[in-house]
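Here the structure comes first, spelled out in structure tokens, and everything after it is commentary.
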Amino acid sequence: QGGVTNELLAGEPINFKAYLRNSGDADLTNMQYQVTLYDDDGGERGDVAEDLNGNELTWNNDKAVCSNSCQNSVLTPGEFIDGGETTLLTTAGNVIEWIPLAGQYFVEVKVTSNVLGDPGNDEISFRVSVKDYYDVQVGITWLDADGNDVSGAIEGTNPTDFKVSLSLEGSIQSYGV
């Protein structure tokens, strides 16, 4: 079925980062971008993925580069948005965040502009896998003579009681354990 770029954990928030550069030879004064998640349909890009509420997983930034109240007003030739790697934002300036469900997806980042350019470098798409997980949390707490938790370290040579607590956490809410 082919490999994936990365394996993500279900339920863990994901932000998108990219290097967006003016690769032309003139100032760029207009640019937008879109992030879209697609279901993986047997190794091919399927329909736009949806969250638990049926909302399509697509985000836009119509003000990445423009002259009025934008993330950047101009990108000179060779310049990157934010000087290098940038966390992708919505038009409103909010960080794009995805809380994934287990499954296989394609992530597409597409750049558009009303300024003509090379359409061959305006889009990237890659496959990601999201898996459910379990994590065992272990805690050890010292106890005083009355059985109450003691914070900090205990010093000495006398026997000291302690309590071990275990919890099972993960992306699946009902463990059936």
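Pairs engaging residues 33-113 under the disulfide bond (SG atoms under 2.5 Å apart) rule: Cys66-Cys70 [sequence neighbours left out]. Sorted by first then second residue, the salt bridge (charged side-chain N to carboxylate O under 4.0 Å, His left out) pairs that include residues 47-76, not counting sequence neighbours, number zero.
Once rounded to the nearest 0.5 Å, the distance linking OG1 of Thr76 with CG of Asp25 reads 12.0 Å. Atom CG in Leu89 sits 7.0 Å away from atom CD1 in Ile96 (nearest 0.5 Å). How far CG of Leu166 is from CD1 of Ile140: 9.5 Å, rounded to the nearest 0.5 Å.
The backbone N or O of Asp146 lies less than 3.5 Å from a partner atom in the side chain of Asp144, making a donor-acceptor pair. A donor-acceptor pair is defined here as one N or O able to donate and one able to accept, closer than 3.5 Å; such a pair exists between the side chain of Asn22 and the backbone of Gly24. Asn61 places no side-chain N or O within 3.5 Å of a backbone atom of Tyr33 that could act as its donor or acceptor partner. The closest donor-acceptor contact from the side chain of Thr86 to the backbone of Ile81 lies at 3.5 Å or more, if one exists at all. A donor-acceptor contact shorter than 3.5 Å is absent between the side chain of Thr141 and the backbone of Lys163.
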Self-check item: Worked verdict on Leu28 versus Ser113 for side chain to side chain contact (heavy atoms under 4.5 Å, CB included)
Solution: CA-CA 9 Å; Leu28 183 62; Ser113 177; 3.9 Å; yes
Under the salt bridge (Lys or Arg N to Asp or Glu O under 4.0 Å) criterion, do Asp40 and Arg127 qualify, and how do the steps go?
-> CA-CA 8 Å; Asp40 182 327; Arg127 205 167 158 222; 2.5 Å; yes
*CA sep, side-chain torsions, deciding dist, call: Thr112, Gln34, side chain to side chain donor-acceptor pair (under 3.5 Å)*: CA-CA 8 Å; Thr112 57; Gln34 180 179 43; over 6 Å; no
Begin from the C-alpha positions of Trp98 and Tyr105 and carry the test ring-ring contact (aromatic ring centres under 6.0 Å, His included) through to its verdict.
CA-CA 12 Å; Trp98 172 42; Tyr105 302 91; 5.1 Å; yes
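By the 4.5 Å heavy-atom criterion applied to side chains, Phe80 and Leu20 are not counted as neighbours.
When every heavy atom of Ser129 is checked against every heavy atom of Gln104, the shortest pair comes out as OG-NE2, 3.0 Å. When all heavy atoms are compared, the tightest approach of Pro100 to Leu9 is CG-O, 3.9 Å.
A cation-pi arrangement, defined by a distance under 6.0 Å to the six-membered ring centre and an angle within 45 degrees of its axis, is present between Arg45 and Tyr38.
A salt bridge does not link Arg21 with Glu79: none of the charged nitrogens is closer than 4.0 Å to a carboxylate oxygen.
Partner of Ile14 under the side-chain contact (heavy atoms from CB on, under 4.5 Å) criterion, out of Val107, Val128, Val130, Leu8: Leu8 alone.
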